[in-house]
**Q** 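Encoded as structure tokens, here's the structure I'll be asking about.
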Amino acid sequence: MKYLILAGIVVICGYIGYGLSAYYNNRLRFFKNLELLFEKLCLEINFSQHKLVSIMQDFSTHNKEVLKIIKNYVDCLNNNQKLTNETLFKDIKILNDEEKNILNLFFLSLGKLDVLNQIKQLEAQKEQLKQFYLKAEKDAQKYVPLYMKLGIIFGLTIAIILM
Amino acid sequence: MLDKILDEKIYRILSNKVNFSKINEIRLREAKPVVIFFDGQANFLGENGVQMSSDRAIIASKNMIEDIIFKASEFSIYSVNEELKQGYLVLDGGERIGVCGTVVMENSKIKTITNFSSVNIRIPHEVRNCCLPVFKQLYDEQGLKNVLIISSPGQGKTTFIRDFVNQLSLRNMSHNVLIIDERGEIAGKGNKLQVGKFCDVLSFTDKHNGFLQGIRAMNPHLIVTDELGDDNDFEAVKYASNCGVNILATIHADSVYQLKQKQNFNKISNIFERYVVLKKVGKPGVIEGVYNGNFEKIYAEGK
């Protein structure tokens, strides 16, 4: 029974370590989904030339952060609100200030150019996004196993002390 | 619709302190006072509404102008580039936004317009029954005439033709009317303006293709179109006339004399049986006179 409890402690600490690494996994998923949104924008602006709001609202994703940004962006447009880091990234905690500034600049210029220039701008933005994704991937590769290992080590330490 | 595109402050003043139904045009020029054409007269817009003096008038900023175009395009300038290249956008209610800025050319063709510096919002008005004084001259016991409406810009040509087709419908004159609405001004974007129950609308097509396609597909008795301009338009009218379809069209000119001076007008001058000249007054759709095919005056204002 004692060994079972100790094993439980190790598992729980490992799970806590995994939970702490969720931030990095979320960032990774966020940038991947944002890249898909940009991809869709490129295609739709180039071919169907549908209105921006309808393209955004038709984008299907399960990523909560991307959905929040789309909602905030559309709300800002419809309610005549200024697009700032606060309004656009309301309730989004996985981005740092530099990323917010760059993404905000992109959303500010979205829909204000003709097709060719809008596509060029989107392509450039996709490159920038790729850099963010690569950095997030590097961070995830580094920190996700680290937090999990730390969790397990912490659990093992407790187990050894209790033994 | 204007509430969605105008600056909040300007719209608030216009809706609270100005009789909206008398506004013909709203002009915003970068760093200059906002001008309102009110009852045909140019005025400035101040905090307290329309004013004669430019002192303390509201000054239009570049931001305001760009915002209007951005909002009018439903936040998607790329989707209206073809219209922008022609120099205007049309809103759902038929409001036409003329734009000025820097024209970007490529291979001698307009690629786009950027750096917007002024906008001119023309507000369409329904002047009900404005064609009634001359209705009998345009539609007699022999039937519909081929009619050309003549006036300088902003005198109500589109208002007149819209009322005329509406009057046909009100009298249950069951003619198939086909409107070739190049800029979406006659029937409005999404056909929201009142043009009667016998109307089919072909929007945002050039006249050449519109006439060709419309005659084949819709079997019209009357084709209505706005602003004949170049040779292609004249050819389209000629084609329709040769197909036995009646024409109701408009053209920019001050008088029948000026009309006759227009290059290549002689190509179609024998087609039209009536010329309606609109008067240069503040109100749109005021008739100065009607001329027959030989340019003899058969109706004068007040007679």
Side-chain angles (χ1 to χ4, degrees), chain A residues 34 37-59 66-84 87-89 103-126, chain B residues 1-12 14-15 61-92 97 99-107 109-117 119 184 189-190 204:
Chain A
L34 205 59
L37 173 66
F38 282 22
E39 203 68 62
K40 184 183 165 75
L41 283 169
C42 265
L43 278 173
E44 298 272 359
I45 289 173
N46 211 356
F47 298 108
S48 73
Q49 296 188 9
H50 285 155
K51 302 289 181 189
L52 206 52
V53 171
S54 100
I55 299 174
M56 291 272 194
Q57 287 175 335
D58 285 348
F59 181 64
V66 173
L67 286 174
K68 271 183 205 165
I69 288 186
I70 292 175
K71 186 187 174 298
N72 293 343
Y73 177 68
V74 172
D75 284 351
C76 280
L77 291 181
N78 288 335
N79 302 328
N80 219 354
Q81 265 182 303
K82 210 175 166 192
L83 220 56
T84 61
T87 52
L88 186 60
F89 303 110
L103 288 176
N104 192 16
L105 278 178
F106 161 73
F107 278 98
L108 273 171
S109 63
L110 198 55
K112 290 183 179 166
L113 301 167
D114 62 302
V115 176
L116 272 177
N117 287 313
Q118 192 71 76
I119 296 295
K120 275 184 196 167
Q121 195 232 16
L122 271 162
E123 294 293 346
Q125 200 63 35
K126 266 163 63 183
Chain B
M1 187 66 199
L2 287 180
D3 58 326
K4 288 184 183 156
I5 63 153
L6 280 177
D7 175 77
E8 217 178 311
K9 185 177 169 188
I10 294 180
Y11 183 74
R12 202 180 53 240
L14 286 177
S15 51
S61 67
K62 191 171 181 62
N63 231 354
M64 271 183 195
I65 293 165
E66 285 181 343
D67 248 21
I68 287 174
I69 298 165
F70 184 51
K71 286 174 188 169
S73 70
E74 293 175 58
F75 318 112
S76 315
I77 299 250
Y78 60 81
S79 69
V80 293
N81 199 42
E82 287 308 309
E83 287 164 85
L84 273 180
K85 274 155 71 173
Q86 315 273 329
Y88 63 84
L89 294 175
V90 181
L91 302 183
D92 283 356
I97 305 179
V99 298
C100 263
T102 308
V103 177
V104 182
M105 304 283 288
E106 196 178 73
N107 300 328
K109 282 186 178 167
I110 298 176
K111 201 176 158 197
T112 188
I113 300 181
T114 58
N115 199 18
F116 304 109
S117 55
V119 287
K189 214 173 180 180
F204 300 101

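Protein chains get the first letters and strands the later ones, always in sequence-line order, with residue 1 at the start of each.
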**Q** Starting at CD of A/Glu44, measure out to OG of B/Ser79 and round the result to the nearest 0.5 Å.
**A**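 These two atoms lie 12.0 Å from each other.
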**Q** Below 4.5 Å from any heavy atom of chain B, which atoms of A/Leu113 appear? Answer side chain, backbone, both or neither.
**A**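 Contact with chain B is through the backbone of A/Leu113 alone.
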**Q** Going through the distances and angles, do B/Phe75 and A/Lys51 end up as a side chain to side chain contact (heavy atoms under 4.5 Å, CB included)?
**A** CA-CA 7 Å; B/Phe75 318 112; A/Lys51 302 289 181 189; over 6 Å; no
**Q** First locate atom CD1 of A/Ile45, then atom OG of B/Ser76, and finally report the distance between them rounded to the nearest 0.5 Å.
**A**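 Reported to 0.5 Å precision, the distance equals 7.5 Å.
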**Q** Between B/Val104 and chain A, which part of the residue has a heavy atom less than 4.5 Å away: side chain, backbone, both or neither?
**A**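 Nothing of B/Val104, per the 4.5 Å heavy-atom cut-off to chain A.
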**Q** Need one label for B/Glu8: side chain, backbone, both or neither, based on atoms under 4.5 Å from any heavy atom in chain A.
**A**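 For B/Glu8, side-chain heavy atoms alone lie under 4.5 Å from chain A.
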**Q** Is A/Leu110 close to chain B through its backbone or its side chain, or both, or neither, when contacts mean heavy atoms under 4.5 Å?
**A**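 Looking at A/Leu110, just its backbone touches chain B.
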**Q** With a 4.5 Å limit on heavy-atom distance, are the side chains of A/Leu116 and B/Lys111 in contact?
**A**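 Yes; the side chains approach each other to less than 4.5 Å.
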**Q** Relative to chain B, which of A/Asn78, A/Asn117, A/Val115, A/Ile119 shows the most heavy atom pairs under 4.5 Å?
**A**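 Sorted descending by pairs with chain B, the first entry is A/Val115.
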**Q** Ignoring hydrogens and angles, tell me if any N or O in the side chain of B/Tyr78 forms a donor-acceptor pair with the backbone of A/His50 under 3.5 Å.
**A**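 Yes; judged by distance alone, with no hydrogens or angles, the pair exists.
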**Q** Starting at NZ of B/Lys85, measure out to CG of A/Asp114 and round the result to the nearest 0.5 Å.
**A**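 Output value for this atom pair is 9.0 Å.
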**Q** If you compare all heavy atoms of B/Lys71 against all heavy atoms of A/Asn80, which two are closest, and at what distance to 0.1 Å?
**A**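 Minimum heavy-atom contact is NZ-OD1, 3.1 Å.
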**Q** Quick one: pull up CG in B/Asp67 and NZ in A/Lys112 and give me the separation to the nearest 0.5 Å.
**A**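 Here the rounded value is 6.5 Å.
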